[in-house]
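Read through the structure below, which is laid out as structure tokens, and then see the notes.
Letters A, B, ... are given to chains in the order of the sequence lines, protein chains preceding strands, and every chain is numbered from 1.
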Protein chains: 2
Amino acid sequence: MKTIKDIAEEAKVSTGTVDRVIHNRPGVSLKTKTKIQKLLKKYNFETNLLASTLASQKKYVIVALIPLHKSKKDYWYEPKKGVKIAFKEIRKYGVEAHCIHFDQFDLNSYKKGLDQILKINPDGVVLAPFFYNTSSKFSKVLDEKNIPYVYINIDLEEQKNLSFIGQDSFNSGYLCGKMMNLCVNETTHLAILLSKKNVDNHRAIEDRVKGFLNYFSQKNTNRVIKKIFFESMEIEQVRKVLTKELIKDNEIKGLFIPSSSAHIVGDFLESIDLTHIRVIGFDAHQNNIDYIKKGIIDFAIDQNPFDQGYVGVKILFEYLLLRKEPNPKYNSPMTIVTKENVDYFNVMSLIEFAT
Amino acid sequence: MKTIKDIAEEAKVSTGTVDRVIHNRPGVSLKTKTKIQKLLKKYNFETNLLASTLASQKKYVIVALIPLHKSKKDYWYEPKKGVKIAFKEIRKYGVEAHCIHFDQFDLNSYKKGLDQILKINPDGVVLAPFFYNTSSKFSKVLDEKNIPYVYINIDLEEQKNLSFIGQDSFNSGYLCGKMMNLCVNETTHLAILLSKKNVDNHRAIEDRVKGFLNYFSQKNTNRVIKKIFFESMEIEQVRKVLTKELIKDNEIKGLFIPSSSAHIVGDFLESIDLTHIRVIGFDAHQNNIDYIKKGIIDFAIDQNPFDQGYVGVKILFEYLLLRKEPNPKYNSPMTIVTKENVDYFNVMSLIEFAT
DNA sequence: CTGAAAGCGCTTACAG
DNA sequence: CTGAAAGCGCTTACAG
């Protein structure tokens, strides 16, 4: 492997000049520039990242903005873990990393987070863009400041985000349709449980529902599928409304929860010892896992939230340090998690690499 | 963050001496040693991996030994990819990496591979230990030479391997039992398709079958489950034997293939346009994916073979460079792959990180 | 047992 | 526009 020194000798220039053309810094005559570029190409020169970051004591600042998790059992615990591990890996390259949290149900707390980001004035941002309008405006601000940003979990259209990492909502709903269809008899009724409070992630939830319904309409089965609405997905709400609905229509044998709150439904079903109803939901965070293990939640579709955090940071880092262009979009997986594989579905995320 | 120089100044010694105690090299008086150790602890000194590997032009040699893949569609294409990407990542730390292949059905070719390893005399080995006896003996040889080794995909008991990365066979078979039970009516018959040629991976296959059967015996359903044997899992064999068996017992509505050859069965079923038979197998390599997409293979349980290669190499690397002890065992996931999620099940493996 | 010095491959002022 | 030199934080012979 050739070094800068080798190239410099062969080109009969100093290493400084070679460095200049490698990084496209100004102040090199076209003649020497092309001469050096030829050699670089000829030897397929790759800069030594170690030496490079050691020498340039440059400090990059990256910030991640993600919702607060109340406990390790929450959905957002995993993306946070991914972010933190990625931060740890890139620290040795002189990256200063910050993680800012906000309350996903409180616009003001989100805005505060955005302000903090601007105050830090980082070189790059990873964020879950809640609150559509606010996030759109904020993206424009970043555009103006020439700060690259990566969306995770939630996608906004028509933005200049560097990349997006998340799940295809429609198709994940469609998959739920298939799994539900396997679980219940053809003549039974189904219900989709929706929270009125999920204003923001509305788009993803909506698409999941569409995908779910699409499965059955393609199958041409004349299923009765009702929608049941809750003020919010809290246990008392669920108990009250769902009890009523299940009594009204005792043909309902399958519940589809297009949010990550299936565990609330599980809690309710367990409390009244109802075992003949199938439950399919999203995301295998610990809250849901508890009910998956009991077989109360039959299937949860997971999207590997750890990777969303981890990959988001890594992409940004490589873009900043190496000018490596990421794909505009990375599809998160649609992992089917059930009682029999829940202990094995995501073990690799636990490994921490020093490098 | 303190540097070696800072410590040296405060201890009134040279940086060389500090280096000696950091790495426990001999030739330091107890007195200065303890003095320095105290400072190291006081400042929570962490050695700068970049500077360290840059300075010590030490070369580690790692070799991976895995079966040849005939095409990109084969199972072993993915572990190979994982190995290669890991190799690429660690190259900048001065690791010289070799990948050796063998024919998994030819003991001699395997032995040749082992000989090559010994000739290279590497600092560490990642391998899929086919051929039980030969691999056991070889492991002993590595033990004597003090060369650490990691098993992937296949585990051998009572060996001093640094770690193992692979799937829990029994439980993955059990999961197949559950999925099969969801797919077929209670009164139908099932068949397990076995190749007589799979002598070596015998253990894993056997355990998968045990797990599968265990599911039904726990369910207490009186299923008829037959075993059908083939000389080898080749299309002509399958056509001949399976046609006969399906005619003999036309109640067979589900086929369980405990190896990665479900696609051969898919090929057969497609050729005679048989759509009322459910098929469950293992591993979502491209050969199987083709039939998963057509809905002919209903479910395949994948074990993320990419990660087996990738993690195997990384673990070994970190053990060598950082003396970081890995877990003795990493369970591969049991990912349920089906028509509706096959496009999304493993996308993250495609990302190549430079770091 | 210990230190001084050179070097790993690159970057960065500085001088011309 | 270009080069010489110092330096990033370590490691490694070498000398004493």
Seminar exercise, completed: Reading nucleotides 3-8 of chain D from 5' to 3' and marking B where a protein heavy atom lies under 4.0 Å of the base, S where only the sugar-phosphate is that close, and - otherwise, the string is B---BB

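Of all the residues in residues 38-48 of chain B, not one reaches under 4.0 Å from DNA chain C with any non-hydrogen atom. Residues from residues 26-37 of chain A with heavy atoms under 4.0 angstrom of DNA chain D, sorted by number: A:Gly27, A:Val28, A:Ser29, A:Thr32.
Side chains of A:Gln286 and A:Tyr77: a donor-acceptor N/O pair is absent below 3.5 angstrom, by distance only. A donor-acceptor pair shorter than 3.5 Å can be found between the side chains of A:Tyr75 and A:Asn153.
For B:Leu50 and C:dG9, the CG to C1' distance is 11 Å, given to the nearest whole Å. One atom, NE2 of B:His23, and another, C1' of D:dG9, lie 11 Å apart when rounded to the nearest Å. Between B:Lys58 atom NZ and D:dT12 atom C1' the separation is 11 Å, expressed in whole Å. As rounded to whole Å, 15 Å separates atom P of D:dC10 from atom CG of B:Leu321.
In this structure, B:Thr3 contributes its side chain and B:Lys5 its backbone to a donor-acceptor pair below 3.5 Å.
With ring centers used as reference points, A:Phe317 lies under 6.0 Å from A:Tyr93. Ring pair A:Phe130/A:Phe102: centre-to-centre distance below 6.0 Å.
For the pair A:Lys324 and A:Tyr319, the cation-pi test (distance below 6.0 Å, angle within 45°) is failed. For the pair B:Lys329 and B:Phe164, the cation-pi test (distance below 6.0 Å, angle within 45°) is failed.
Counting heavy atoms of neighbouring residues, nucleotides and ligands inside a 6.0 Å radius, atom NZ of B:Lys35 exceeds 12 of them. A:Lys112 NZ: 12 or fewer foreign heavy atoms inside a 6.0 Å radius.
Every stem involving DNA chain D, taken as at least 3 paired positions in a row under the Watson-Crick or G-U wobble test at 3.5 Å, is listed here: C:1-3 with D:14-16, C:5-12 with D:5-12, C:14-16 with D:1-3.
Residue A:Pro129 comes nearest to A:Leu127 through the heavy atom pair CD-O, 3.3 Å, listed as atom of the first residue, atom of the second, then distance.
Checked against side-chain hydrogen bond (donor to acceptor under 3.5 Å, both in side chains), B:Ser139 has the following partners two or more places apart in sequence or in another chain: B:Tyr151.
Sorted by first and then second residue, the salt bridge (charged side-chain N to carboxylate O under 4.0 Å, His left out) pairs with a member in residues 41-63 of chain A read A:Glu10-A:Lys42, A:Glu46-B:Arg91; sequence neighbours excluded.
Ring orientation note: the planes of A:His101 and A:His69 are nearly perpendicular, at an angle over 60° on the 30°/60° scale.
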